[in-house]
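Both counts, for ligands and for their atoms, begin at 1 and track the order of listing. Just so we're clear, the structure is a prediction, and the values are computed from it rather than from any experiment.
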Amino acid sequence: MYAFKIQGGYQLKGEVEINGAKNAILPIMIAALLTKEPLELSNISYLSDVNTLSDLLKSMGMKIKSKKNSLILTADKITNFHADYNFVSKMRASFWVLGPLLARFGEAEVSLPGGCAIGTRPVDLYLNALKEMGAEIKVENGYVCAKGPLHGADIFFPKVSVGATHNTIMAAVLTKGTTTIHNPALEPEVMDLIDVLVKMGAKISGIGTKVLTIEGVDELHGAKHNVVADRIEAATFAVAAALTKGKIFLKGAKSNLMTAVIEPLKLSNVVFKEEKDGILVDATKASLKSTSLTTSEYPGFPTDAQAPLSALLSLAPGMSLIEERIFENRFMHIPELKRMGANITVLNNNAVLITGVKNLSGAQVMSSDLRGGVSLVLAALTAKGESIVKRIYHIDRGYYQLEKKLTKLGAKIKRIKSKN
Ligand code: UD1
């Protein structure tokens, strides 16, 4: 295993390249299952989640060629409709192969993902939608065994789910008849998937609204697509700038996709300037301010930016309140931040009260999940002394070469071997 060794207290300055969003790359790679023609994707970073999904798709017969920052995926000979537990337990998004396999081939056998560190994360919304579309679904030996044919249906999501929206849209585009999805997720990554599907010949209307209408087509074709920039990676570097009173140009980032994260940072006097090819974040005159945040669906404050902001607010004088409304257990990083000197009370599993402290101090801490892990790196960048952040395989799932990017900005961070 590896860990990050970080010496805190260095101001970050310079330019950082924001890669294509992990949460868009994954569903779009899966969308390649919907056509026998090649799907060419650019602005790809080889995150460990991307590698895991490549392995799963290859195990089904997909051909995947990778060039610098791009992937060509061809699903002309899919021979295996089985997504093994080994893949799905490692990365939940693997479950999303269910909809496209069922729509194109009429059958799929996909492992149930189970819970994960941030909550139980059920899949009832996915399965109910497919059942409404006529799928015959049995759960056997930990696998969802589904059979078509599917037909168009009127689907109402009682709760907004990014994954269930991806999965249902991908099933509907190749399903005869009209499917209407009420209350879909509107996250930019969902919009990016829809963008690709339309390029592939899908007939989708109501894009960007709370009612999507999809007319199924017989076949989709290949397409080329440049994946949308990762708003959570951009938010992470913006927080790094704020914590170190630095100045960072987020190359490729778009501020209109991250308004909810920018707002609390602006309160702390961090200046955001949208430029032609990115955002300049100037925190050289920042003075951190406490605030209250509640996570919610897009365009609300993203749950994935909650942990990074909690690191920031632990240094903001006064009291801050963070409420987590998307996942039931997303404060696993808090005990670790406390080990670095943060004064945080977990009120219940869904809220924390943060009393700002003057300084954090370096410590050995452990990542428990992707965003919680990166919040510890952020805290370490500003903490007095040395920190060791362990179990960084969580962080590698969603941040490509984080230590290289931070080093280029002036941080003192090294990847080192670690026994645990
Ligand atoms: C995706 C993102 C993740 C982000 C999350 C919320 C990817 C790869 N992951 O995860 O980074 O934090 O959206 O923006 O894109 N739920 C149900 N039943 C279901 C499905 C979901 O109750 O069938 C619940 C979940 O437990 C959770 C909420 O709905 O409480 C939202 O989860 P969802 O939007 O589905 O998250 P993911 O798609 O898994």
Side-chain angles (χ1 to χ4, degrees), residues 20-31 47-50 52-53 56 87-99 110 112-132 137 139 144 155-171 181 183-194 227-228 230-233 235-236 257-258 260-261 294-309 323-333 349-350 369-375 394-395 397-399:
K22 167 181 89 75
N23 289 357
I25 297 174
L26 301 177
I28 293 172
M29 286 174 71
I30 291 173
L47 302 163
S48 65
D49 271 8
V50 171
T52 303
L53 183 60
L56 167 65
F87 294 112
V88 189
S89 59
K90 219 166 161 186
M91 193 191 68
R92 288 182 57 85
S94 312
F95 188 73
W96 303 346
V97 298
L98 180 63
V110 181
L112 278 166
C116 72
I118 62 174
T120 50
R121 302 181 82 177
V123 290
D124 54 320
L125 301 174
Y126 297 67
L127 301 189
N128 290 341
L130 293 174
K131 282 182 193 161
E132 293 279 341
I137 292 183
V139 176
V144 173
I155 290 159
F156 294 83
F157 283 128
K159 187 172 188 177
V160 176
S161 160
V162 170
T165 303
H166 283 317
N167 195 63
T168 311
I169 295 174
M170 286 194 276
I181 305 177
N183 200 23
L186 298 177
E187 267 63 8
E189 296 75 24
V190 175
M191 296 304 129
D192 212 35
L193 171 70
I194 292 178
V227 177
V228 67
D230 196 321
R231 63 197 166 105
I232 305 298
E233 187 190 24
T236 305
L257 302 183
M258 47 190 287
V261 180
T294 302
T295 64
S296 69
E297 297 87 12
Y298 189 82
F301 189 86
T303 173
D304 289 347
Q306 179 261 104
L309 262 288
E323 262 188 90
E324 171 58 60
R325 293 246 180 102
I326 303 293
F327 292 109
E328 72 253 40
N329 190 23
R330 215 169 187 184
F331 289 123
M332 307 265 287
H333 58 290
N349 274 346
N350 292 329
D369 62 274
L370 165 56
R371 308 299 170 186
V374 89
S375 74
H394 290 295
I395 299 174
R397 292 185 54 189
Y399 293 88

Does an N or O anywhere in [X] fall below 3.5 Å from an N or O of ligand 1?
X    : value
P122 : yes
K22  : no
A164 : no
E328 : no

task = Say whether, by atom type as modelled, one donor and one acceptor occur between the side chain of N183 and the main chain of F157 under 3.5 angstrom.
result = yes
Heavy-atom pairs closer than 4.0 Å: do any link ligand 1 to the side chain of [X], the backbone, both, or neither?
X    : answer
L127 : neither
Q306 : neither
T303 : side chain
W96  : side chain
K159 : side chain

Looking at side-chain heavy atoms only, is the closest gap between [X] and [Y] below 4.5 Å?
X    : Y    : result
H166 : V190 : yes
L112 : V88  : no
P184 : I169 : no
D230 : I25  : no
R121 : P113 : no

What are the atoms of ligand 1, with element, lying closer than 4.0 Å to any heavy atom of [X]?
X    : value
Y126 : 20 (C), 23 (O)
G163 : 35 (O), 38 (O)
I326 : 27 (C), 28 (C), 30 (O), 31 (C)
R330 : 12 (O)

task = Applying salt bridge (Lys or Arg N to Asp or Glu O under 4.0 Å), name anything that partners E324, two or more places apart in sequence or on another chain.
result = none
message = Given L125, V123, V162, identify the one with the heavy atom nearest to atom 13 (O) of ligand 1.
response = V162
ask   = If hydrogens are left out, which of M91, R92, H166, R121 has an atom nearest to atom 10 (O) of ligand 1, that is, the closest non-hydrogen atom?
value = R121
request  = Rounded to the nearest 0.5 Å, what's the gap from CD1 on I326 to CD on Q306? Could you check?
outcome  = 11.0 Å
key: Pairing of D124 and K131 as salt bridge, 4.0 angstrom limit   = no
For F95, ring-ring contact (aromatic ring centres under 6.0 Å, His included) partners two or more places apart = Y126
